[in-house]
Amino acid sequence: MPANVLTVTLNPTLDVSTSVARLIDHAKLRCTPELEQVGGGGINVAHVIHSLGGSCQAMLPVGGSRGQDILARLAASGLDCVTAAIEQQNRQCFTVYESETGHEYRFVLPGPSLSPAEQDACIAAICEHLPSDYLVLSGSLPPGVPDDFYASIIGAARRIAPELRVVVDTSGAPLKHALGAGVFMIKPSQEEFCALTDQTFSDPLDGVSVCQALIAQVQAQVIALTLGARGALLVTAQDAWRIEPLPVKVTSTVGAGDSFVGGFVWSLTQNPDWIRAAQIGTAAATAALQTQGELRFDSHAILKASQDVVILPC
C-alpha cells in the first residue's frame, strides 16, 4: 500500500545549530554545544506528519558520507525514506542564535549539483513511490537543476496519477513553473507571495483578492499565506479566513513554515476540513517556534493547542 503522503526534498542538509551571547566581529566566540539534525523542507514536513501518526514517506537524493549520515539519522527517527544516489556530497548548513538579543542567523550553503541522469533518477524514484493522497514538494532546488524541475515532477506524477493532489512550498521561478503545471496548494510567505505576484500590500486582508485572482488563474484549490507574527491567511476561490497566531516566546523560526504544511496536510488526510487543517497547522508551526528545529512533536499536545487557534472569516 502506498503512503498517504510523499514529501520531496531535493537539497537535504545536515543542520548544525548553536548559540552565543552576541556575534562580535573578529572575536573568538564561545558557543553552546552544537545540535545536529537533518533539515530540508520536505523532510521537516515528513517529521511533523510522522509525529502526528500519519502515513508518510520522505524522498531525498543521498550522496557522500554526509548523505549516509543523513539517511541513518532519518532511519533512526522512524521515517520511511525513498532515495536516489548522487555523486556529490550532501550539504551542511548552520544556524547561530544570539541569546542576548534573540536574533537568529541562518547560513544556508548551496549544496551539491545534480547531473541530468541524477535528476532523472529522482523523478523515477518519486514516480515509483507515488502516494495515495498528497505529494509535497518543498524547499530549494540544488545548483544546476532547472527552474522547471518541480513542474517536471508534477507532470511525470500526473501522467501516472491524474488526481494526485500536489502541495508546493518553494519560491521564485521554481514556484512559478510549478503553478503552471497545476497544484492543489501553495504556502508562500508574504515576501515570497509578493515576489510571485509583483504586488505588495501592507494590510494582510488586501492580500485576499490577490490570492483569489491567482487561484482563478492557475486553478489551485487553496493558498495558505503565512504572515509571520501576524498569523496567516487561508484563501480558496470562494472563501477566506484570517488565522490568528498563538502567543508564544520564539526561540527559533527554523521549520515553522514546514510544520504548518505538515500539520495542515496531515489533518486533510484525516478530515477534508480547511478550518481544522489550519488550526492543526498553526499549532504545529507554533510548536516549532519553541524548538531549535527539532520537529518531533507530541501529537496530543498539538491537537490540544489547535483548539485555541482562532480563525475568523475575512
Side-chain angles (χ1 to χ4, degrees), residues 4-5 41 44-45 48-49 51-54 133-134 136 138 165-169 183-194 196-197 199 201-216 218 220-250 253 255-291 295 297-314:
N4 293 126
V5 183
N44 293 339
V45 172
V48 174
I49 294 173
S51 293
L52 293 171
D133 295 321
Y134 293 92
V136 180
S138 182
R165 284 162 284 190
V166 180
V167 177
V168 177
D169 185 10
V183 302
F184 172 80
M185 170 185 171
I186 62 171
K187 190 221 64 66
S189 66
Q190 183 172 350
E191 180 182 3
E192 292 166 345
F193 185 72
C194 289
L196 174 69
T197 59
Q199 299 192 49
F201 49 89
S202 55
D203 185 343
L205 296 181
D206 293 338
V208 171
S209 60
V210 184
C211 285
Q212 289 182 328
L214 181 62
I215 286 172
V218 301
Q221 294 293 309
V222 62
I223 295 176
L225 177 58
T226 53
L227 306 169
R230 294 177 296 171
L233 292 176
L234 184 68
V235 184
T236 68
Q238 293 82 27
D239 300 297
W241 299 269
R242 176 73 180 267
I243 306 169
E244 299 294 332
L246 290 172
V248 66
K249 181 181 178 181
V250 177
T253 60
D258 302 325
S259 295
F260 181 94
V261 174
F264 194 97
V265 169
W266 173 82
S267 182
L268 289 182
T269 66
Q270 310 301 303
N271 178 15
D273 181 329
W274 296 127
I275 302 299
R276 188 66 186 130
Q279 288 179 314
I280 294 175
T282 301
T286 303
L289 294 174
Q290 301 170 78
T291 73
L295 306 180
F297 305 139
D298 182 313
S299 61
H300 297 291
I302 296 297
L303 294 177
K304 182 179 179 180
S306 71
Q307 297 173 1
D308 296 327
V309 177
V310 175
I311 300 181
L312 301 172
C314 293

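Atom set for the values below is all heavy atoms of this structure, side chains included, hydrogens, waters and symmetry mates excluded. Throughout, numbering of the chain's residues begins at 1 and tracks the sequence.
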Run the numbers on M185 and F264 for side-chain contact (heavy atoms from CB on, under 4.5 Å), then give the verdict. CA-CA 11 Å; M185 170 185 171; F264 194 97; 3.7 Å; yes
Which atoms form the tightest heavy-atom contact between S138 and V45, and what is the distance? OG-CG2, 4.5 Å
Donor-acceptor pair, side chain of Q279 and main chain of V309, under 3.5 angstrom: yes
Look at atom CD of E191 and say whether more than 12 heavy atoms of other residues, nucleotides or ligands are closer to it than 6.0 Å. no
Separation of I49 CD1 from W266 CH2 (nearest 0.5 Å): 10.0 Å
Closest non-hydrogen atom pair, Q307 against R276: N-NH1, 4.5 Å
Would you say E244's side chain and I311's backbone share a donor-acceptor pair under 3.5 angstrom? no
Say whether, by atom type as modelled, one donor and one acceptor occur between the side chain of Q190 and the main chain of F201 under 3.5 angstrom. yes
Are the side chains of D258 and V48 in contact, using a 4.5 Å heavy-atom criterion? no
Taking every heavy atom of K187 against every heavy atom of E192, the minimum-distance pair comes out as O-OE1, 4.3 Å
Pairwise side-chain contact, L233 with C314, heavy-atom cut-off 4.5 Å (strictly under): yes
Going by heavy atoms in the side chains, are L214 and I223 under 4.5 Å from each other? yes
Out of I186, V210, V222, V235, which one pairs with I215 under the side-chain contact (heavy atoms from CB on, under 4.5 Å) rule? V235
Do the side chains of P188 and L196 get nearer than 4.5 Å, heavy atoms only? no
Using the side-chain contact (heavy atoms from CB on, under 4.5 Å) rule, take L225 and C211 through it: C-alpha gap first, then chi angles, then the decisive distance, then the call. CA-CA 8 Å; L225 177 58; C211 285; 4.1 Å; yes
Measuring from atom CD1 of I275 to atom OG of S306, what distance do you get when rounded to the nearest 0.5 angstrom? 12.5 Å
Closest approach of R230 to R242 (non-hydrogen atoms, all atoms of both residues): O-NH2, 3.3 Å
Can you name the nearest heavy-atom pair linking W241 to D239, along with the distance? CH2-CB, 3.4 Å
Minimal non-hydrogen separation, A288 against A256, with atom names: CB-CA, 3.8 Å
Could you go through F184 and L268, starting from their C-alpha distance and side-chain angles, then the distance that decides it, and tell me whether this counts as side-chain contact (heavy atoms from CB on, under 4.5 Å)? CA-CA 12 Å; F184 172 80; L268 289 182; 4.0 Å; yes
S267 side chain to G263 backbone, donor-acceptor under 3.5 Å: no
What distance separates N4 CG from T269 OG1, expressed to the nearest 0.5 Å? 5.5 Å
I'd like to know whether I302 forms a side-chain contact (heavy atoms from CB on, under 4.5 Å) with I280, so could you lay out the CA-CA distance, the side-chain angles of the two residues, the decisive distance to 0.1 Å, and finally the verdict. CA-CA 7 Å; I302 296 297; I280 294 175; 4.2 Å; yes
